[in-house]
Amino acid sequence: MSERLRKYQGRAATAGGVGRDLVNLPMIRHWCEAMGDTNPAYRGPDAVAPPTMLQAWTMSGLSGHTDRPGRSGTYDELFGLLDDAGYTSVVATDCEQEYLRPLRPGDEITFDSMIESVSGRKTTKLGTGYFVTTRMDIRAGGELAGTHRFRILKYRPARRSPREGEAPGGSSGAARSGNAGAGAVRPRPVVNRDNAGFWEGVGRHRLLIQRCADCGALRFPWLPGCGACGCPDWDTVESCGEGTVYSYVVMHHPPFPAFDPPYAVALIELAEGVRIVSDVVGVPPGEVRIGMPVRLEFRRYDEELELPVFRAARRAGAGPDGED
């Protein structure tokens, strides 16, 4: 199997792809608003695009890639081979970007992509499978502007042995009553050198926010440099845990393993002024509202995973968990 997969290394996935839109100010503005990036370099007549938007200019939207010029069948063929061999699940593991020149409004984006590498068979906690790395070279006006590497694991899910206290089918009491399907395990966060300090804080039941060592701007999620002034140096402040629901969605469909819809996912505006995406607990999901006050707590989902969630203010007549 490994030998067959290695034959895909170096094969083109896209040749002569063209971005759906020119680099433009409206998309830059929307991106900066969503990311909370206030860097003045991204505004005004001499604006450039945030470097982290690199991949956004190559995306095809909800219609997919079927009508995109230059797309070969290499990627689909590789995934079909893995699917047929039983490696039917996929999880993104990491991406790497290199920025070579700024993108400016009016730039036309072209790109080529290739299967850069396919690993040998690896065994992970999720299961046994293969890491596939795709490299995309992105150009503006024919000049190389950056590269984007995206790595996924295509795997066969591991069979889980029933844990102590679980029924033979793998369903524990916690799974039946919490946000989990029978025997399912929640996805693990990707911890890297840029966000490791945040997850260390979670392990100590502290919600840490980065603070720029130069201009003092707070930022979340964690980033390697300040979006306001570009300074790479930072320290942290601990959130007081108070916040309000800035926006939210109630998930009904599709159901995912380890999640039990309906459940509410919200964008929480913390008292410190930054925002974090998390679950809202303590009230039925249909009763979550914008402006609702919430309070940080930490919820353990299994012996390895603990996450920050936000509990809504208890309603009159509610039970011990805030729900009727």
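Computation of the quantities below employed the complete heavy-atom set of this structure, encompassing side-chain atoms and omitting hydrogens, waters and symmetry-equivalent molecules.
- Every residue two or more places apart in sequence or in another chain was checked for a side-chain hydrogen bond (donor to acceptor under 3.5 Å, both in side chains) with Glu108, and none qualifies.
- Applying the salt bridge (Lys or Arg N to Asp or Glu O under 4.0 Å) definition to pairs two or more places apart or across chains, those involving residues 122-137 are Glu116-Arg135, Lys125-Glu304, Arg135-Asp137.
- A search for salt bridge (Lys or Arg N to Asp or Glu O under 4.0 Å) contacts involving Asp21 returns nothing, not counting sequence neighbours.
- Aromatic ring orientation, Trp222 versus Trp234: perpendicular (interplanar angle above 60°, classes split at 30° and 60°).
- Salt-bridge check for Lys154 with Asp84: failed, with every basic side-chain N at 4.0 Å or more from each acidic carboxylate O.
- The side-chain hydrogen bond (donor to acceptor under 3.5 Å, both in side chains) search around Glu297 returns Arg311, not counting sequence neighbours.
- A donor-acceptor pair shorter than 3.5 Å can be found between the side chains of Arg151 and Thr133.
- If you check the side chains of Gln210 and Thr236, you find no donor sitting under 3.5 Å from an acceptor.
- Take Thr74 and apply the side-chain hydrogen bond (donor to acceptor under 3.5 Å, both in side chains) test, not counting sequence neighbours, and it matches Ser72.
- Residues passing the side-chain hydrogen bond (donor to acceptor under 3.5 Å, both in side chains) test with Glu200: none are found, sequence neighbours excluded.
- Considering all non-hydrogen atoms of both residues, Val250 and Pro285 come closest at CG2-O, 3.4 Å.
- When all heavy atoms of Phe310 and Gly241 are compared, the closest pair comes out as CE2-O, 4.1 Å.
- If you take CZ on Phe131 and OG on Ser117, they are separated by 10.5 Å, rounding to the nearest 0.5 Å.
- Partners of Asp112 by salt bridge (Lys or Arg N to Asp or Glu O under 4.0 Å), not counting sequence neighbours, listed by chain and number: Arg139.
- One finds the CG atom of Leu307 at 8.5 Å from the CZ atom of Arg188 (value rounded to the nearest 0.5 Å).
- Among the candidates Thr147, Leu103, Leu100, the single residue satisfying the side chain to side chain contact (heavy atoms under 4.5 Å, CB included) test with Leu54 is Leu103.
- Not counting sequence neighbours, the partners of Arg295 by the salt bridge (Lys or Arg N to Asp or Glu O under 4.0 Å) test are Glu242.
- Annotation: the span from Arg211 atom CZ to Asp233 atom CG amounts to 13.0 Å, rounded to 0.5 Å.
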If you look only at distance, which donor and acceptor atoms sit under 3.5 Å apart when one is on a side chain in residues 23-38 and the other is two or more places apart or in another chain?
from, atom 1, to, atom 2, distance (Å)
Asn24, OD1, Met27, N, 2.9
Asn24, ND2, Leu22, O, 2.8
Asp37, OD1, Asn39, N, 3.1

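- The ring pair (Phe, Tyr, Trp, His ring centres under 6.0 Å) search around Tyr246 returns none, not counting sequence neighbours.
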Let's go through Thr14 and Tyr75 carefully: what are the C-alpha distance in whole Å and the side-chain angles of both, what is the deciding distance for side chain to side chain contact (heavy atoms under 4.5 Å, CB included) to 0.1 Å, and is it a yes or a no? CA-CA 9 Å; Thr14 304; Tyr75 207 66; over 6 Å; no
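- Using modelled atom types and a 3.5 Å distance limit, the side chains of Glu98 and His148 yield no donor-acceptor pair.
- Note on Arg101 versus Glu143: salt bridge recorded, some NZ/NE/NH1/NH2 to OD/OE distance being below 4.0 Å.
- Closest approach of Gly243 to Ile268, counting heavy atoms only: CA-CG2, 4.3 Å.
- Two residues are said to be in side-chain contact when any heavy atoms from C-beta on lie closer than 4.5 Å; Tyr155 and Val90 fail this criterion.
- Looking at Ser2 and Tyr130, their side chains come closer than 4.5 Å, going by heavy atoms from C-beta outward.
- In terms of the salt bridge (Lys or Arg N to Asp or Glu O under 4.0 Å) criterion, residue partners of Arg11 (sequence neighbours excluded) are, by chain and number, Glu77.
- Between Pro224 and Arg219, the shortest heavy-atom contact is C-NH2, 4.1 Å.
- With sequence neighbours excluded, no residue satisfies ring pair (Phe, Tyr, Trp, His ring centres under 6.0 Å) with Tyr248.
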